[in-house]
Peer 1: 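Quick one: the structure is below, questions incoming.
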Amino acid sequence: MVKNNLCANAGAKGHSERIKCNDKNMQTKVSMVVACYNKSEYIDEMLQSVHEQEYDNIELILVNDGSTDGTRERIAEWEPKLQLRGFDVIIIDQENQGVGAAVRRGLSQISGDYVCSPDCDDHLKSNYVSRMASVLEADQTVDWVQCNMPLSITNNNVKRENYLLLLLESGIWSIWRKLIRSSYLNQCRVVENFVTDRLSQEMAINIPLTLGGSFPFFINENLYHYQTRKNSIMEAARSSNIMDFFVNYKNLTIKILKSFNALDERTELMTQIGIEKIITSETGKTDGELRSLMLLYLEKYTNIQVSSLNGLNTSVLQFAFETLLFSNKANEPESLTGSLKNAERIIACACLGSSGMKMLPVFQFLGLEQIICWDENGGNDVYACGYGISRPRYHELTDKDLVLILSTRPDVILDISEKVNEASVFTVDAMKQYLRWKISNIGELV
């Protein structure tokens, strides 16, 4: 529902204008549901960031889930300040039932046209609400918005028909990323079918939103500051038996998929891949099982010759896997392909950094075995991924050379760019675009 055209037009130019009206009644109401449990040490920072929002018409619903550490008292102190700011404040007290039950209780009380649900121990940028609301105001066909999206996931390059699979595989579950039309939340029967569990509320909201038929609008801007706390669910998982935690998380996800009649062999396998991906990242365990699951999925559900991918290391295989399943066909980066074809020499710089070490196996996949590799820590006996790594000799570069900067650090990119004389220069982002183009043309989903 649009309250007034003055506000409705605030995001019309590329969804980028902030919404700021002198009268909050001219703005569409946004309900913000915050589940609160034993976060007295951090909740002031969150509520301060809510107080500093550029957006004025906010209904703040704070659900105290049986806190025992003074969290409730901190909420009580903030209540008059937030009301003086002009916000509607609703405080709900309940016995401790877990974050899922707290969020569900809050969602059942909303009266706003849009709704979001940040965590109580993080904090928001001042345009968190206004930036996402501007998208919903400007385009009535958009039902939900997601911020803090990685640059690899954009509105133009994601295969919409595979979004549920992307959700299960990628871990972009966080509810705090989202601003949702309340009408769409109701259409998807999120509250009525909410599976409450102490582990998480994420999939109980994400899965029905995804199955509801509407596609999210992605914002590749960081509007939210996520904090890892010692008493958060993820930290608790790390400090206890993380394997048990994620097995339970997988079982919860499967339970929710089943409740929406969305569980089949394909979604179950993708859920396993997503969970294994996180376990590998969090524990540093061998990635053999993750690799096997990805190859199994590609073999069963694509027409790709899986044998052609066997030589890839797991990080490149994962990039290929995600590109093939979730990305629309990429356009050829003609500037880079032309330079690769015409260059007398191709030199990769900053090869021994974390980004460089991930990219070196990519060169083998792309058939760039003759590439010259440089790094400040290189030397006569330094090798990585089968390549000899020598120290840079920038003074030898000419306009017939092509330099690939593999670091993602702005200071390193700037430093190398200033030393390459007249050689052509491309960054690791350009290489990833080139890799995405090459991969997206080697196979299709069945």
Peer 1: How about K258: does its NZ atom have over 12 heavy atoms from other parts shown lying under 6.0 Å from it?
Peer 2: no

Peer 1: Using a strict threshold of under 4.0 Å (side-chain N to carboxylate O), is an ion pair present between E221 and K125?
Peer 2: no

Peer 1: For A204 versus I256, what's the shortest heavy-atom pair and its separation?
Peer 2: N-CD1, 3.6 Å

Peer 1: Using modelled atom types only, decide if a donor and an acceptor are shared between the side chain of S182 and the backbone of G112 within a distance under 3.5 Å.
Peer 2: yes

Peer 1: So how far is it from L179 CG to Y128 OH, rounded to the nearest 0.5 Å?
Peer 2: 7.0 Å

Peer 1: Working to the nearest 0.5 Å, report the span between CD1 of I413 and CD of E418.
Peer 2: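 One gets 12.0 Å once the value is rounded to the nearest 0.5 Å.
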
Peer 1: Hey, mind stepping through N148 and Y226 against side chain to side chain contact (heavy atoms under 4.5 Å, CB included) and telling me if it holds?
Peer 2: CA-CA 10 Å; N148 285 55; Y226 175 79; over 6 Å; no

Peer 1: What closest approach, in Å, do A35 and V99 show between heavy atoms, and which atom pair accounts for it?
Peer 2: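 Minimum heavy-atom contact is CB-CG2, 4.1 Å.
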
Peer 1: Over all heavy atoms of both residues, which pair between T408 and S355 is shortest? Give the atoms and the distance, please.
Peer 2: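 Closest heavy-atom pair between T408 and S355: CG2-OG, 3.6 Å.
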
Peer 1: For residues 372-385, pull every pair meeting side-chain hydrogen bond (donor to acceptor under 3.5 Å, both in side chains), keeping only residues two or more places apart or in separate chains.
Peer 2: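 Matches after skipping sequence neighbours: E376-R391.
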
Peer 1: For the side chain of Y184 and the backbone of S214, is there at least one donor-acceptor N/O pair under 3.5 Å apart?
Peer 2: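 Pair found, side chain donor or acceptor close to backbone of S214.
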
Peer 1: Between S407 (side chain) and R409 (backbone), is there a donor-acceptor pair under 3.5 Å?
Peer 2: yes

Peer 1: Just by distance, do the side chain of E276 and the backbone of L293 share a donor-acceptor pair under 3.5 Å?
Peer 2: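 Not confirmed, E276 side chain does not pair with L293 backbone.
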
Peer 1: Closest approach of A350 and L406, non-hydrogen atoms and distance?
Peer 2: O-CB, 3.8 Å

Peer 1: Which word best sums up how the rings of Y297 and Y301 line up, parallel for under 30°, tilted for 30 to 60°, or perpendicular for over 60°?
Peer 2: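 Answer is tilted, since the angle falls between 30° and 60°.
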
Peer 1: Could you state the interatomic distance from CD (E422) to CG (L397), rounded to the nearest 0.5 Å?
Peer 2: 10.5 Å

Peer 1: Kindly compute the distance separating CD1 (I347) from CD1 (I405), expressed to the nearest 0.5 Å.
Peer 2: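 Taking CD1 in I347 and CD1 in I405, the distance rounds to 11.5 Å.
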
Peer 1: Evaluate side chain to side chain contact (heavy atoms under 4.5 Å, CB included) for L290 paired with Q318, printing each intermediate quantity in order.
Peer 2: CA-CA 9 Å; L290 173 61; Q318 186 174 319; 3.8 Å; yes

Peer 1: Measure up the H123 and H225 rings against each other and bin them: parallel (under 30°), tilted (30 to 60°), perpendicular (over 60°).
Peer 2: parallel

Peer 1: Just wondering, do N251 and V247 contact through their side chains at under 4.5 Å, heavy atoms?
Peer 2: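 Yes. Closest side-chain heavy atoms under 4.5 Å.
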
Peer 1: Distance from T253 atom OG1 to E202 atom CD, nearest 0.5 Å?
Peer 2: 10.0 Å

Peer 1: Is it true that a side-chain atom of N127 and a backbone atom of L223 form a donor plus acceptor pair closer than 3.5 Å?
Peer 2: no

Peer 1: For the residue pair M46 and D119, what are the closest heavy atoms and their distance?
Peer 2: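 For M46 versus D119, the nearest heavy atoms are CE-O, 2.7 Å.
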
Peer 1: If we ignore hydrogens and angles and just use 3.5 Å, is the side chain of D415 paired with the main-chain N or O of D411 as donor and acceptor?
Peer 2: no

Peer 1: Holding to side-chain contact (heavy atoms from CB on, under 4.5 Å), I want the full list of residues that pass it with E396, two or more places apart in sequence or in another chain.
Peer 2: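 If we apply the side-chain contact (heavy atoms from CB on, under 4.5 Å) test to E396, skipping adjacent residues, the hits are R345, R393.
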
Peer 1: Does R291 reach the main-chain N or O of L317 with its side chain, forming a donor-acceptor pair under 3.5 Å?
Peer 2: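 Not a single qualifying donor-acceptor pair exists.
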
Peer 1: Is it the case that the side chain of D139 and the backbone of T141 share a donor-acceptor pair, with hydrogens and angles ignored and the cut-off at 3.5 Å?
Peer 2: yes

Peer 1: Looking at I346, I389, L352, L404, which one forms a side chain to side chain contact (heavy atoms under 4.5 Å, CB included) with C373?
Peer 2: I389

Peer 1: Judged by atom type as modelled, is there a donor-acceptor pair below 3.5 Å linking the side chain of Q27 to the main-chain atoms of D56?
Peer 2: yes

Peer 1: Please report the closest heavy-atom contact between C188 and G212, naming both atoms and the distance.
Peer 2: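 The answer is SG-CA, 3.8 Å.
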
Peer 1: Give, for atom CZ of F260 and atom NZ of K255, the distance between the pair rounded to the nearest 0.5 Å.
Peer 2: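 Atom-to-atom, F260:CZ and K255:NZ are 12.5 Å apart.
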
Peer 1: Does a side chain donor of either E52 or S126 reach within less than 3.5 Å of an acceptor in the other side chain?
Peer 2: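 Short answer, no.
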
Peer 1: Apply side chain to side chain contact (heavy atoms under 4.5 Å, CB included) to I175 and V103, showing your working.
Peer 2: CA-CA 10 Å; I175 298 305; V103 170; 5.9 Å; no

Peer 1: Just do the side chain to side chain contact (heavy atoms under 4.5 Å, CB included) check on W78 and V50 with the steps written out, would you?
Peer 2: CA-CA 11 Å; W78 272 98; V50 173; over 6 Å; no

Peer 1: Look at R266 together with D264 and state whether they make a salt bridge at an N to O cut-off of under 4.0 Å.
Peer 2: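 A salt bridge is absent here (no side-chain N lies under 4.0 Å from a carboxylate O).
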
